[in-house]
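See structure below.
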Amino acid sequence: MILYKHFDTNEKGHLTVGGLDTVELAQEYGTPAYILDENVIRENCRVYKQAAIDAFGADALPLYASKALCFTGVYRIAAEEGLGIDCVSGGELYTAKRAGFPAERIYFHGNNKTDRDIADAMDMGVGTFVVDNEDELAAVSAEAVRRGITQRILLRITPGIDPHTHRAIMTGNVDSKFGSAIVTGQAMRIVKKAIAADGVKLAGLHCHIGSQIFDVEPFAEAADIMIRFIAEIKKECAYEIRELNLGGGLGVRYTEYDREIDYADAIHKIAAVVTGFCRDNGIAMPRVILEPGRSLVAAAGVTLYTVGSVKEITGFKNYISVDGGMPDNPRYALYQSQYTALIANRAAAPRDYRATLAGRCCESGDLLGEDMEIQKAKRGDILAVLVTGAYNYSMASNYNRLPRPPVILVKDGKARVAVRRETYEDLVALDQF
Ligand SMILES: *Cc1c(COP(=O)(O)O)cnc(C)c1O
């Protein structure tokens, strides 16, 4: 086992994922390639769904925050596992529609929905809009009135948790492009407008405090603030908020230096404090929605590359270059995300070498990690970066005109192509002259 039980080595010393030999997968599908263990995604969905129902009651619903990994197959999996989804763009909505995802279980997010997004989402019958701000409320209300419908909405609220108290938190602070803040009075103002607005039904509130959070405490703090706000709305507006979406953000173990996290346990702990806060504030327990992204899909993934040049710069770093890089995984370039890497064809050997993993783009910042523990590598080796299921394929680009890798789903000893590799033909398909 390497980090997770679905990553292991076989008798050849090769890395396996879901029991399949990654060196053989690389031979069959080429590199770079994203490999995903479908059973891991399904198992994570079940853990969240069961824990949410046990802890919050039968109407609790986890939504898969699909920006983490988006293609039709992943929406089919989420639908089969009984989850809702969170979409943030017309493109994600369209993909969900093509996958046949039930529209009533879609929550439409985003801090700047265009008029076209709003119209497309209403055409699809999207169940719930998560309205970010007053301009958007007016636009959603106007379009719903024009169509003669009542659109169910939540309002995105910024609970105003001081980001300095919790380093991981980046989106729940007052100075944010997301949502309306409670402390500035903007939150109460948009609530009153939403209650009065035509064409919309205010069903609840949403908050999302950030990502890669390992402690329950920031969620408890956010829930406390949100529930007190719900009590204030009840008092000031005589209006009952019946749904509370607590967002996503539970952390993922990317390296052996990260803590392990028991998602069911975290959900039960959050539920205990939410129940207490509701009682203390004299409000009925709302329907609780959770919005995990990375914690459903990250661990399922591994990216396979072929090693090209290996450079040892005397007195400086060692570089291992691979046939991918920031176009398939921009996360190190964006925010120095840490990963576990190994040589898949010598995975059982100790990782007793240190190297910087370089991509193939014309950017010095095109790195997958620096000073990483790995086996010594040579040209032609297969290099695996683990835990790449989230925010890799969904963030991929064609920089340097590199075709995007395929997504291969592994399940019960079999592999299938979920997204085929882009071709050079695909790259020029949109060019008009
Ligand atoms: C990104 C995001 C999520 C998911 O965050 P993870 O860290 O991937 O769990 C959930 N809700 C909203 C609104 C988000 O922006």
Side-chain angles (χ1 to χ4, degrees), residues 40-41 44-45 47-49 51-52 61-70 74-75 78 83-89 92-93 96 105-113 117 126 128-133 136 153-159 161 163 166-173 176-181 204-216 218-219 222-223 226 243-254 258-259 261 263 266-267 270 288-301 329-331 334-335 337-338 387-395:
V40 172
I41 300 177
N44 287 336
C45 290
V47 165
Y48 261 96
K49 175 114 194 196
L61 182 68
L63 310 179
Y64 166 51
S66 61
K67 71 178 195 274
L69 175 69
C70 177
V74 87
Y75 287 127
L83 267 58
I85 52 170
D86 139 8
C87 291
V88 296
S89 71
E92 286 185 358
L93 288 173
R105 285 202 317 237
I106 300 179
Y107 283 65
F108 185 26
H109 269 282
N111 68 305
N112 187 18
K113 299 171 188 71
D117 290 340
V126 162
T128 308
F129 278 54
V130 183
V131 173
D132 186 90
N133 55 67
E136 194 172 288
I153 63 165
L154 304 185
L155 295 175
R156 179 155 183 170
I157 302 298
T158 26
I161 294 180
H166 305 287
R167 240 174 347 112
I169 294 167
M170 292 167 298
T171 55
N173 47 315
S176 166
K177 74 168 188 170
F178 298 108
S180 308
L205 304 180
H206 167 275
C207 66
H208 172 70
I209 52 175
S211 253
Q212 193 58 356
I213 303 166
F214 286 86
D215 297 314
V216 165
F219 290 98
M226 295 296 285
E243 185 168 305
L244 177 59
N245 181 330
L246 291 171
L250 279 172
V252 164
R253 190 162 193 245
Y254 287 97
D258 291 326
R259 273 165 47 193
I261 176 161
Y263 299 116
I267 291 165
I270 295 167
V288 171
I289 307 289
L290 303 170
E291 249 171 17
R294 81 180 64 226
S295 52
L296 293 181
V297 295
N329 183 358
R331 294 188 70 246
L334 273 175
Y335 30 66
S337 305
Q338 300 299 307
V387 196
T388 55
Y391 305 111
N392 273 238
Y393 174 68
S394 65
M395 282 188 163

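Every heavy atom of this structure was used, including side-chain atoms; hydrogens, water molecules and symmetry mates were not. One-based numbering, in listed order, for ligands and for the atoms of each.
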TODO: Cation-pi check, K113 to F108: give yes when NZ or CZ is under 6.0 Å from the six-membered ring centre and within 45° of the ring axis, no otherwise.
DONE: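 Satisfied, under 6.0 Å and within 45°.
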Provide the number and element of each atom of ligand 1 under 4.0 Å from a heavy atom of [X].
{"X": "S211", "result": "5 (O), 6 (P), 7 (O)"}
{"X": "H206", "result": "13 (C)"}
{"X": "R156", "result": "13 (C)"}
{"X": "E291", "result": "3 (C), 4 (C), 10 (C), 11 (N), 12 (C), 13 (C)"}
{"X": "G249", "result": "5 (O), 6 (P), 7 (O), 9 (O)"}
{"X": "A65", "result": "3 (C), 4 (C), 10 (C)"}
{"X": "D86", "result": "10 (C), 11 (N), 12 (C)"}
{"X": "G293", "result": "4 (C), 6 (P), 8 (O), 9 (O)"}

- [ ] Would you give the length of the straight line joining atom OH of Y263 to atom CG of N44, rounded to the nearest 0.5 angstrom?
- [x]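 So the gap between those two atoms works out to 7.0 Å.
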TODO: To the nearest 0.5 Å, tell me how far E92 CD sits from I85 CD1.
DONE: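 The distance works out to 8.0 Å.
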Task: Distance-only N or O hit between ligand 1 and K67, under 3.5 Å - done: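 Among all N and O atoms of K67, at least one is under 3.5 Å from an N or O of ligand 1.
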Task: Contact (N/O only, under 3.5 Å) between R294 and ligand 1 - done: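 Yes, there is a polar N/O contact under 3.5 Å.
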[X] side chain vs [Y] backbone, donor-acceptor pair below 3.5 Å:
{"X": "S66", "Y": "D86", "answer": "yes"}
{"X": "H208", "Y": "G248", "answer": "yes"}
{"X": "E291", "Y": "L246", "answer": "no"}

Task: Y391 touching ligand 1 at heavy-atom level, < 4.0 angstrom - done: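 Yes; Y391 lies near enough to ligand 1 that a heavy-atom distance drops under 4.0 Å.
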Task: Pair S337, Y391: side-chain N/O donor-acceptor within cut-off below 3.5 Å - done: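 Looking only at side-chain atoms, Y391 and S337 do not form any donor-acceptor pair under 3.5 Å.
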- [ ] Please step through side chain to side chain donor-acceptor pair (under 3.5 Å) for the pair N329 and N392, ending with a clear verdict.
- [x] CA-CA 5 Å; N329 183 358; N392 273 238; 3.0 Å; yes
